[in-house]
Engineer: 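Dumping the structure here so I can ask a few things about it.
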Amino acid sequence: MTVSVLKLKNSYTRQLEVFEPLQAGRVTMYSCGPTVYSFAHIGNFRSFLFADVLRRVLERNGYEVRHVMNITDVGHMTEDHLADASGEDKLAKAARELGSDPFKVAQHFERAFVEDAKALRLKIYRGGETDDPELHPRATGHIPEMLAMIQKLLERGYAYVVPTGEVYFSVAKFPEYGQLSGKNIEENEAGARVGVREEKKDPRDFALWKVDAKHLMQWDPHSDKGWDKADYGRYRELAPEGVDKTIKPGFPGWHIECSAMSRAHLGSTIDIHTGGEDNMFPHHECEIAQSYGAFGFTVPGPHGAPDEHHARKTFSRYWLHGRFLLVDNKKMAKREGNFYTARDLMDPVAAGRKDLAAKLEAAGFKGGRVDPLTLRYALISNQYTQQMNFGVDLLVQAKASVERIQRCYERLREIIGPGTDLDIAETASDKMIELVDKYEREFDDALNDNLNTPNALAAVFKAINEINAMTLGKAEAVEAMRLMDSFDEVLDVIDRRERSGILTKTEIEQRLALPLPEFDLLANAELDSAAVAGFVALRQAARKAKDFKRGDAIRDGLKHRGVMIEDVPQGVRWKLE
RNA sequence: GGUGGCGUAGCCAAGCGGUUAGGCAACGGUUUGCAAAACCGUCAUACGGUGGUUCGAAUCCACUCGCCACCUCCA
């Protein structure tokens, strides 16, 4: 049996490369995280989910993964922004509702993001990792590191201060600038679409520190006024010589935060850096330039032998970029009317999108709500290197797929039954053992091939087809369940709550002997398992009397209340929708 | 204008030189009082177009048509 090795497409070299971490057995990974000045949209989540799948695949390959995803909370909110708080703009609206404290706005949206991320089962927000600030660094908490890095760039001659008190990175000092994105910057018409700041020595130069009195978030590099005490102390610690006196109070530029935070929490050289394709230029290009300038790294070699390249110390050894998600074949944008946040889909009514709720309801989503696990599946169902065209059809298909996985899982659970010792002496057939082995390997091979999730899913469904066609004993079901659990380590789309069960024929007989409930399914009371059993017995009585009309009415009534009833050989299966 | 990518049966989506991808939908059958689920079968001798290379091409080459993204804050 050959074990496949993990291969990833490195955007920097544009080649599929065998993945080897710097340190054997351990992987450091940084993902450009959300900007918390509005609700994260499904495009954001596609990117975060691709990073999530990558992290899980790394873990499957036996690596201990340290995954950091930042929170960009250095908003670029200005007083103008607040003054202009009219219309639909959520940021402005939120700011007005929350007051003009940008920290509060950021906090509000960060909380919302964490909620969504948990619902979508981003592993970095599950369990103990959720509360580890080291794994979720906030930009506003790392101004000292950023200033220290800026200071270092000044000292090493990679940056300069202009009369306004702002600091720019000098791109001319870094000849490799543009290599990641493949942009020949010289040939681009500088400033063709953006006004060139005349203070810049070179139009390509980018800001490390900005000065703008209108901005609501400000830091004074020369005084502890307005600083969090701990942070100011930390800054002095990081830059003992103090910051260049000509730098004026302001806020960090757009690119410095990721360089500073990844270094702070993962060290100088990281294994993998992920982000959306748009991050390549200029964001990641600038990160490389800054880290090179500040820390004197070698840059990744251009298309050299992979081993030679990997041996070098660089800022990030592998760069992975997720391609954009489109909606209706267009880039998602509010003005196009094809913009969805994750919560718009998960609960459109609460998000104030009644039209969307109606559309989803019509497509078969109860209450117009898309289950988070369905959304998760949809967003990971094609390979991250491909543009994804999102739409209601995709969600419908994802829903059906998740249900198929879920049903297979539930069938196995029913066969195994409660309280079964999973180490039962009885052994599964060779056929089942081979099946598990075969599809687990296919699954891994697909994922190790640059996270080819469609192929991985093909393996899952082939396995389910075979498992469903087999008559299973307990030991076999245990084995099959192990396979499903294994798939779900990466997919994580199985709802493990007890949401279905079997009422056996004997149990129904026993229940029939007791007084039956009145046929009133319109009541508002919560349906508990006893109530469900009562109605199932009531229906059974009707069926026995050949009153199928009444029996079906009870089934429909239960369905209306979210409980599905299916007749199976052993009795009646109930299932919460 | 510069750069990158994509066009595969009704829809989504693998494959990247030679044996069934897979899913969804639809239709037929088994099962069921009826459903649902599950299973069996059909749609599937599909690869934007035109040339070329090859014993053999969805896969390589040339040209061509259409779509998308990046070059600006953006996942």
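Scope of the values below: all heavy atoms of this structure, side chains included, with no hydrogens, waters or symmetry mates. Just so it is clear: chains get the letters A, B, ... in the order the sequence lines come, proteins before strands, and each one is counted from 1.
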Engineer: Using a heavy-atom cut-off of 4.0 Å across all strands, would you classify A:N279 as base, sugar-phosphate, or nothing?
Structural biologist: sugar-phosphate
Engineer: For atom C1', what is the distance between B:rC47 and B:rU59, given to the nearest Å?
Structural biologist: 10 Å
Engineer: Please determine if a side-chain N or O atom of A:R14 lies less than 4.0 Å away from the OP1 or OP2 oxygen of B:rG5.
Structural biologist: no
Engineer: Using atom P in both nucleotides, what's the gap between B:rG23 and B:rA37 to the nearest angstrom?
Structural biologist: 16 Å
Engineer: Write down the distance separating the P atoms in B:rG7 and B:rC12, rounded off to the nearest Å.
Structural biologist: 11 Å
Engineer: Whole angstrom is fine here: how far is it from CD in A:E442 over to P in B:rG23?
Structural biologist: 12 Å
Engineer: Using the C1' atom as the point on both nucleotides, what is the distance between B:rA46 and B:rA58, in whole Å?
Structural biologist: 9 Å
Engineer: Go through B:rU72, B:rC73, B:rG23 for me and flag the one nearest to the A:F281 side chain.
Structural biologist: B:rU72
Engineer: Would you measure the distance from the C1' atom in B:rA44 across to the matching atom in B:rC61 and give it in whole Å?
Structural biologist: 29 Å
Engineer: Just to confirm, is there a sub-4.0 Å distance from OP1 or OP2 of B:rA75 to any side-chain nitrogen or oxygen of A:N44?
Structural biologist: yes
Engineer: Looking only at heavy atoms, what is the nearest atom pair of A:A51 and A:T274, with distance?
Structural biologist: CB-OG1, 3.8 Å
Engineer: In whole Å, what separates the P atom of B:rC43 from that of B:rC6?
Structural biologist: 31 Å
Engineer: State, to 0.1 Å, how close A:G33 and A:N70 come at their nearest heavy-atom pair, and which atoms those are.
Structural biologist: N-OD1, 2.8 Å
Engineer: Is the shortest side-chain N to carboxylate O distance from A:D567 to A:R543 below 4.0 Å?
Structural biologist: yes
Engineer: Counting C-beta onward and ignoring hydrogens, is there a side-chain heavy-atom pair between A:L447 and A:T453 closer than 4.5 Å?
Structural biologist: yes
Engineer: Under a 3.5 Å cutoff, is there a donor and acceptor pairing between the side chains of A:N450 and A:Y384?
Structural biologist: yes
Engineer: Any donor-acceptor pair under 3.5 Å linking the side-chain atoms of A:N382 with those of A:R46?
Structural biologist: yes
Engineer: What's A:R550 touching, base or sugar-phosphate or nothing? Going by heavy atoms closer than 4.0 Å.
Structural biologist: nothing
Engineer: Return the nearest nucleotide to the side chain of A:D552; candidates are B:rC71, B:rA75, B:rC34.
Structural biologist: B:rC34
Engineer: Do A:F535 and A:V563 make a side-chain contact, defined as non-hydrogen atoms from C-beta onward lying under 4.5 Å apart?
Structural biologist: no
Engineer: Take the protein atom OH of A:Y384 and the nucleotide atom C1' of B:rC6, then report the distance between them rounded to whole Å.
Structural biologist: 17 Å
Engineer: So what does A:N455 hit on the nucleic acid, given a heavy-atom distance under 4.0 Å: a base, only sugar-phosphate, or nothing?
Structural biologist: base
Engineer: Determine whether any donor atom in the side chain of A:Q386 lies under 3.5 Å from an acceptor atom in the base of B:rC6, or the reverse, and answer yes or no.
Structural biologist: no
Engineer: What's the shortest heavy-atom distance between A:V493 and A:D488, and which atoms?
Structural biologist: N-OD1, 2.8 Å
Engineer: Looking at RNA chain B, which of residues 456-466 of chain A put a heavy atom within less than 4.0 Å of it?
Structural biologist: A:A458, A:F461, A:K462, A:N465
Engineer: Under 4.0 Å, counting only non-hydrogen atoms across every strand here, what does A:I42 touch: a base, just sugar-phosphate, or nothing?
Structural biologist: nothing
Engineer: Is the shortest side-chain N to carboxylate O distance from A:D328 to A:K330 below 4.0 Å?
Structural biologist: no
Engineer: Side-chain N or O of A:S181 less than 4.0 angstrom from OP1 or OP2 on B:rC71?
Structural biologist: no
Engineer: Can you check whether any acceptor in the base of B:rA35 is under 3.5 Å from a donor in the side chain of A:R555, or vice versa?
Structural biologist: yes
Engineer: State whether A:E403 and A:K399 are salt-bridged, where the test is any N-O pair (Lys NZ or Arg NE/NH1/NH2 against Asp/Glu carboxylate O) under 4.0 Å.
Structural biologist: yes
Engineer: Consider the side chain of A:H41, meaning its heavy atoms from C-beta on, and name the nucleotide among B:rG15, B:rC34, B:rA75 that approaches it most closely.
Structural biologist: B:rA75
Engineer: Starting at the 5' end of RNA chain B, what dot-bracket string do you get if Watson-Crick and G-U pairs under 3.5 Å are bracketed, crossing pairs use [ ], other-strand pairs use | and unpaired bases use dots?
Structural biologist: ((((((((.[[[..)..(...]]].(((((.......))))).....[[[[[..)....]]]]])))))))....
Engineer: From CG of A:D393 over to C1' of B:rA26, roughly how many Å is that when rounded to an integer?
Structural biologist: 14 Å
Engineer: Look at A:R407 and B:rA38 and indicate whether a side-chain polar atom (N or O) is within less than 4.0 Å of OP1 or OP2.
Structural biologist: yes
Engineer: Taking NZ from A:K399 and P from B:rA37, how many angstroms apart are they, rounded to a whole number?
Structural biologist: 11 Å
Engineer: Identify the residue among A:F169, A:F281, A:W254 that makes a ring-ring contact (aromatic ring centres under 6.0 Å, His included) with A:F206.
Structural biologist: A:F169
Engineer: Relative to each other, are the rings of A:Y30 and A:H273 parallel, tilted or perpendicular (30° and 60° limits)?
Structural biologist: tilted
Engineer: Tell me which nucleotide among B:rA75, B:rG15, B:rA14 gets nearest to the side chain of A:P454.
Structural biologist: B:rA14
Engineer: Compare the minimum distances between each of B:rA14, B:rC12, B:rC34 and the side chain of A:L394, then state the nucleotide with the smallest one.
Structural biologist: B:rC12
Engineer: Which value, in whole Å, describes the distance between the C1' atoms of nucleotides B:rU20 and B:rG41?
Structural biologist: 15 Å
Engineer: Take the protein atom CG of A:L576 and the nucleotide atom P of B:rA36, then report the distance between them rounded to whole Å.
Structural biologist: 20 Å
Engineer: Both A:K546 and A:K575 contact RNA chain B. Which one's nearest nucleotide lies toward the 5' end?
Structural biologist: A:K546
Engineer: Verify whether one side chain among A:T341 and A:D344 offers a donor that lies under 3.5 Å from an acceptor in the other.
Structural biologist: yes
Engineer: Using a cut-off of less than 4.0 Å, is there contact between a side-chain N or O of A:R404 and OP1 or OP2 of B:rA38?
Structural biologist: yes
Engineer: Which whole-number value in Å describes the distance from A:L447 CG to B:rG22 C1'?
Structural biologist: 14 Å
Engineer: Tabulate protein N/O versus nucleotide N/O from nucleotides 65-69 of chain B, keeping only pairs under 3.5 Å, one per line.
Structural biologist:
| unit_1 | atom_1 | unit_2 | atom_2 | d |
| --- | --- | --- | --- | --- |
| B:rC68 | OP1 | A:K330 | NZ | 3.1 |
| B:rC68 | O2' | A:Q387 | OE1 | 3.1 |
| B:rC68 | O2' | A:Q387 | NE2 | 3.0 |
| B:rA69 | OP1 | A:K331 | N | 3.2 |
| B:rA69 | O4' | A:Q387 | NE2 | 3.1 |
| B:rA69 | O2' | A:E277 | OE1 | 3.2 |

Engineer: When the P atoms of B:rC16 and B:rC60 are considered, how many whole Å apart are they?
Structural biologist: 10 Å
Engineer: Hey, which of these two, A:G322 or A:Q383, hits RNA chain B nearer its 5' end, going by closest nucleotide?
Structural biologist: A:Q383
Engineer: In whole Å, what is the span from the CE atom of A:M332 to the P atom of B:rC74?
Structural biologist: 15 Å
Engineer: Taking A:D492 first and then A:K123, would you say they form a salt bridge - that is, a charged N and a carboxylate O separated by under 4.0 Å?
Structural biologist: no
Engineer: Is there a side-chain contact between A:V490 and A:V53 in this structure, where contact means two heavy atoms from C-beta onward sitting under 4.5 Å apart?
Structural biologist: yes
Engineer: B:rA36 C1' sits how many Å from A:R539 CZ, rounded?
Structural biologist: 10 Å
